[in-house]
Amino acid sequence: MSFYENTLKNMQKAAKIMNLDPEALEVLSKPQKTLIVSLPVRMDDGTLKVFEGFRVQHSELRGPFKGGIRYLAEVDLDEIKALATEMSFKCAVVGIPYGGGKGGVKCNAKELSQGELERVTRKYVQAIYQIIGPEHDISAPDMYTNGQIMAWFMDEYSRLVNKYQPGVVTGKPIEVGGSLGRNTATAQGGTYVLQEYMKLHDMKPESTKVIVQGFGNAGSFAAEILHGLGFTVMGLSDSKAGVYNENGLDPAGVMEHKKKTGSVSGFSGATSVTNAELLEKPCDVLVLAAMENQVNDKNMMNIKAKVILELANGPTTAEADEYLSGQGVVVIPDILANAGGVTVSYFEWLQNQQSYYWPLEEIQTKLKRVMVESSQRVLDIQKEHHCTMRQAAYISAFDRMAKALKLRGSGANLLCKVYNH
Ligand code: GLU
């Protein structure tokens with residue numbers, strides 16, 4: 001099953017439980033617009049390479065399209081459609097006034113020089129700029145894109161429309177309109193969600209053992225935050241390898257080692273394990289912060305975690321999700337667990353629109369409130385419908401989206417035209 005088919009399957013299950021109007025389900029099952037572009041870019045060695053780029057605008061029922069851009073060799077339209085769709089639900093779960101979108105460029109970012117990355121980014125913006133904008137479609141970082149790429153994105157867009165437009169993209173460095181707290185937002189938001197779940201199930205950090213897959217933006221901060229709260233972080237992994245110590249690791253030490261050597265592998269005081277082995281170790285909470293399809297039909301039988309926290313998008317396939325819920329494993333779903341990222345993106349965008357920047361405490365207080373309230377709403381829905389947390393999160397989102405659709409009119413005259421500047 002493809003990633004998009006997975007998403008549709010999850011949607012259908014939740015729609016059935018809540019008795020969603022079939023017309024609403026049909027509207028939500030189709031992205032409003034998909035754009036495929038080709039990007040001819042001059043490489044450092046003088047050759048010309050043509051990259052393929054995508055932008056999918058899933059829904060603007062509740063506000064402008066919002067979602068990140070990934071630079072990945074395996075990117076395809078199916079994946080971007082799934083991710084754009086999930087962005088709409090993610091924004092609806094946390095009640096921020098955005099719809100969903102997603103973009104990507106099929107390239108291996110790790111092999112490109114800074115100059116090549118800049119040229120790819122500027123070409124991508126030139127190719128999609130007519131359908132984006134601070135009030136229409138707002139991008140952000142995702143896999144293998146970062147603050148520097150967002151800065152180029154903003155610069156190129158501002159140049160094309162001939163005015164400073166920091167709000168066209170979030171996740172920017174502070175110096176060019178970024179927000180305090182955006183870097184740690186996904187991990188921090190996920191921690192708040194986990195804590196709400198733990199309160200309800202009488203779990204305490206001191207007696208909770210955690211494994212974190214993925215040591216990038218989401219995973220490395222999650223490991224540090226959880227360690228700081230008293231959780232035992234037993235295992236960590238990056239794309240190359242994993243490290244494990246039953247008695248706990250110091251994530252900051254592992255990060256220092258990774259900065260020096262390029263990988264977590266070889267960290268002293270830990271045994272080396274493969275990424276696949278790490279996922280199958282017994283633990284209380286398995287944090288999936290790497291990429292999609294990590295827990296699937298091949299390894300689902302060997303998962304020994306009690307709770308899975310999805311900080312990545314789509315790390316558990318629909319089949320594995322069904323199997324794990326049958327086994328009593330709780331999956332805290334991506335659209336809730338990792339929504340802290342887009343929530344602080346929203347704060348960044350608000351600050352850009354006002355040209356007024358908030359202190360960190362204000363961001364943290366506001367993020368906490370959004371994550372706690374959204375988690376409680378999902379947990380209440382779960383209780384009411386006796387369903388999984390994923391289904392409850394989808395129901396929470398569908399409820400808000402279906403109401404918006406009804407109010408706007410079922411033949412909603414959504415902005416499908418090319419945006420004129
Ligand atoms: N790429 C992140 C996500 O999937 C952040 C999106 C955003 O901030 O717009 O949630």
Side-chain angles (χ1 to χ4, degrees), residues 3 7 54-60 62-72 75 79-105 109 132-147 149-150 153-154 166-173 177-190 193 214 216-219 221-222 288-292 309-315 332-352 363 366-367 370-371 374 393 397:
F3 190 4
T7 306
F54 309 91
R55 185 75 191 168
V56 174
Q57 299 178 327
H58 172 260
S59 167
E60 49 159 8
R62 301 183 54 263
F65 304 104
K66 181 79 187 85
I69 317 155
R70 50 177 59 184
Y71 284 2
L72 209 63
V75 147
E79 176 187 9
I80 300 294
K81 266 166 70 179
L83 291 163
T85 307
E86 294 200 352
M87 279 310 299
S88 297
F89 305 155
K90 194 182 297 187
C91 294
V93 170
V94 286
I96 59 175
Y98 283 144
K102 199 84 180 189
V105 176
I132 63 172
E135 266 103 32
H136 189 56
D137 182 344
I138 306 132
S139 290
D142 198 74
M143 289 178 71
Y144 298 107
T145 53
N146 55 24
I149 291 174
M150 300 308 113
F153 191 110
M154 179 274 280
V168 70
V169 63
T170 57
K172 301 177 293 296
S179 173
L180 295 170
R182 177 64 186 84
N183 274 352
T184 52
T186 307
Q188 187 62 68
V193 179
N217 220 350
F221 288 124
L288 298 176
M291 60 184 300
E292 56 253 30
L309 182 71
E310 295 188 327
L311 284 192
N313 290 312
I332 305 182
D334 47 7
I335 58 168
L336 173 65
N338 70 31
V342 74
T343 301
V344 177
S345 275
Y346 168 54
F347 298 160
E348 178 176 334
W349 178 80
L350 286 173
Q351 294 169 81
N352 292 153
I363 308 240
K366 287 190 158 100
L367 172 65
V370 168
M371 299 313 294
S374 314

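Counting starts at 1 for both ligands and their atoms, following the listed order. Just so you know, these numbers use all the heavy atoms, side chains as well, and skip hydrogens, waters and symmetry mates.
- Scored by the side chain to side chain donor-acceptor pair (under 3.5 Å) test, Y71 finds T121 as partners (sequence neighbours excluded).
- The immediate protein surroundings of ligand 1, defined as residues with any heavy atom under 4.0 Å of it, consist of K66, G67, G68, M87, K90, K102, A140, P141, D142, R182, N313, G341, V342, S345.
- If you run side-chain hydrogen bond (donor to acceptor under 3.5 Å, both in side chains) between T170 and each of Q351, R182, K66, E348, only K66 comes through.
- Looking at heavy atoms from C-beta onward, L336 lies in side-chain contact with S374 at the 4.5 angstrom threshold.
- With sequence neighbours excluded, no residue forms a salt bridge (Lys or Arg N to Asp or Glu O under 4.0 Å) with K81.
- In this view, F221 satisfies the ring pair (Phe, Tyr, Trp, His ring centres under 6.0 Å) rule with no residue, not counting sequence neighbours.
- In this structure the side chain of V344 never reaches within 4.5 angstrom of the side chain of Q188, judged on heavy atoms.
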